[in-house]
Amino acid sequence: MNRHGLAKALTVAGSDSGGGAGIQADLKTFQELNVYGMSAITAVTVQNTLGVSGVYPLPASAAAEQIRAVGSDLGVDAVKTGMLFNADIIHAVAEEVRRFRWERLVVDPVMIAKGGAELLQQEAVHALEKDLLPLALAVTPNIPEAEALSGVTIRTMQDRKKAAEIISAMGPKLVVIKGGHDEAGGGSDSGADGADGADGETAEETSGDYAGKIGPGESPEVERRGGGIVTDLLYDGKSFTELTDKRISTLHTHGTGCTFSAALTACLAKGMAPLEAVKLARDFIQAAIEDSLELGHGHGPTNHWAYRRRQGGAG
Ligand SMILES: Nc1ncnc2c1ncn2[C@@H]1O[C@H](COP(=O)(O)OP(=O)(O)O)[C@@H](O)[C@H]1O
Ligand SMILES: Cc1ncc(COP(=O)(O)OP(=O)(O)O)c(N)n1
């Protein structure tokens with residue numbers, strides 16, 4: 001933070017021409033949370049709501065030079081990585097993180113875009129595990145990414161917990177396995193895994209005023225069993241926390257992972273504790289998905305100013 005109390009965050013990620021994911025989503029999110037945003041671009045993607053039609057990676061040295069330029073001059077309170085595309089870029093980014101001794105590092109292990117485009121070469125997954133995850137304060141895989149990192153096929157919350165333990169052993173202090181891809185809802189008491197939620201070690205949590213988010217006439221039990229919830233699983237190396245909220249039925253979820261991890265990074269840049277930062281990030285993405293912009297002809301972007309508007313900000 002600078003002497004005026006201004007927090008500064010850096011995103012190291014790919015550019016999304018459609019503005020819903022990547023660098024663009026990250027900078028919008030930083031701005032909405034009153035954090036000064038900086039960027040190091042790793043690749044340019046040609047992308048809209050219908051999908052990715054081109055990927056142009058930059059040389060690893062270009063990513064490293066951008067990071068050094070901002071790190072040595074403006075200063076960075078927290079940093080996130082998104083699309084890194086190949087092992088050379090991963091090595092270069094890890095070297096810069098080590099050089100600046102950045103501790104508040106969020107790694108969003110972006111691998112595949114919604115439409116199937118490869119945003120991380122498969123042979124680079126190993127570099128991510130060996131070089132970057134040991135430096136991370138938090139890693140935020142979605143379910144397919146958690147499967148790729150851990151080697152565990154995830155069908156139940158117990159599988160997710162097993163995957164979280166394996167990823168945690170790679171070095172990050174906090175593992176957040178996001179539940180957007182788990183259409184069954186996935187909470188320990190959802191019935192999806194036959195678990196009763198009483199596994200002794202689970203510090204289970206239902207975020208915010210969940211009950212208040214269920215519409216009139218809707219039973220929480222039906223919502224839960226019917227897959228009407230979304231659950232993000234947190235593991236800090238000791239205990240599990242489940243953050244559960246109402247699943248919003250919408251096509252417009254492009255860039256949810258980028259936006260969530262950017263909000264988490266912004267909160268860490270402000271000095272928030274990791275668990276509080278994850279909770280705020282969830283509230284941010286929930287609002288962004290709920291107040292949909294309905295843009296484009298496919299999977300549209302989320303609404304990055306919804307959270308601020310709900311807090312009573314201008315807009
Ligand atoms: N339909 C939805 N309703 C509410 N929250 C969602 C929905 N889809 C995703 N999320 C939230 O968005 C964030 C990103 O989740 P996910 O879609 O799993 O990641 P990714 O975009 O990386 O695939 C998580 O906090 C998740 O809970
Ligand atoms: C440039 C770029 N970076 C990351 C992504 C993936 O974003 P994500 O938040 O995981 O959202 P979807 O691809 O699932 O919509 C991207 N598409 N482009």
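Just so it is clear, the model here is predicted, and its values are computed rather than measured. Reckoned from all heavy atoms, side chains included, excluding hydrogens, waters and symmetry mates. Order of listing sets the numbers, starting from 1, for every ligand and every atom in it.
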Using a strict cut-off of less than 4.0 Å between a Lys/Arg side-chain nitrogen and an Asp/Glu carboxylate oxygen, indicate whether Lys173 and Asp236 qualify as a salt bridge. no

For [atom], the protein heavy atom that lies nearest, with its residue and separation:
| atom | value |
| --- | --- |
| atom 14 (O) of ligand 2 | Lys114 NZ, 2.7 Å |
| atom 7 (O) of ligand 2 | Cys258 SG, 3.2 Å |
| atom 25 (O) of ligand 1 | Asp232 OD2, 2.6 Å |
| atom 23 (O) of ligand 1 | His181 NE2, 2.7 Å |
| atom 11 (O) of ligand 2 | Gly255 N, 3.2 Å |

Do any N/O atoms on [X] end up under 3.5 angstrom from N/O atoms on ligand 2?
| X | answer |
| --- | --- |
| Gln47 | yes |
| Thr45 | no |
| Gly257 | yes |
| Val52 | no |

Of all the atoms in ligand 2, which lie at a distance below 4.0 Å from a heavy atom belonging to [X]?
| X | result |
| --- | --- |
| Gly14 | 1 (C) |
| His254 | 12 (P), 15 (O), 17 (N) |
| Ala21 | 5 (C), 7 (O), 16 (C), 17 (N), 18 (N) |
| Val110 | 4 (C) |

Report yes or no: is the cationic atom of Lys161 (NZ for Lys, CZ for Arg) under 6.0 Å from the centre of the six-membered ring of Phe240, at an angle within 45° of the ring normal? yes

Which option wins on minimum heavy-atom distance to atom 27 (O) of ligand 1: Glu145, Gln286, Arg282?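 The option holding the nearest heavy atom is Arg282.
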
Would you indicate which of Thr42, Leu119, Ile23, Ile41 comes nearest to atom 5 (C) of ligand 2 when only heavy atoms are counted?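 It is Leu119 whose heavy atom sits nearest to atom 5 (C) of ligand 2.
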
Counting heavy atoms only, which part of [X] comes closer than 4.0 Å to ligand 1: side chain, backbone, both or neither?
| X | result |
| --- | --- |
| Lys246 | backbone |
| Asp245 | neither |
| Val230 | side chain |

Answer yes if a protein heavy atom lies under 4.0 Å from atom 3 (N) of ligand 2, otherwise answer no. yes

Close N or O approach (Lys114, ligand 1; < 3.5 Å): no

Between Ala25 and ligand 2, which residue portion shows a heavy-atom distance shorter than 4.0 Å: side chain, backbone, both, or neither? neither

Could you check Lys246, Arg247, Arg310 and say which one makes a salt bridge (Lys or Arg N to Asp or Glu O under 4.0 Å) with Glu290?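 Between Glu290 and the candidates, salt bridge (Lys or Arg N to Asp or Glu O under 4.0 Å) is satisfied uniquely by Arg310.
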
For ligand 2, is there an atom lying under 4.0 Å from some heavy atom of Ser15?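 In this structure, Ser15 qualifies as a contact of ligand 2 - some heavy atom is under 4.0 Å.
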
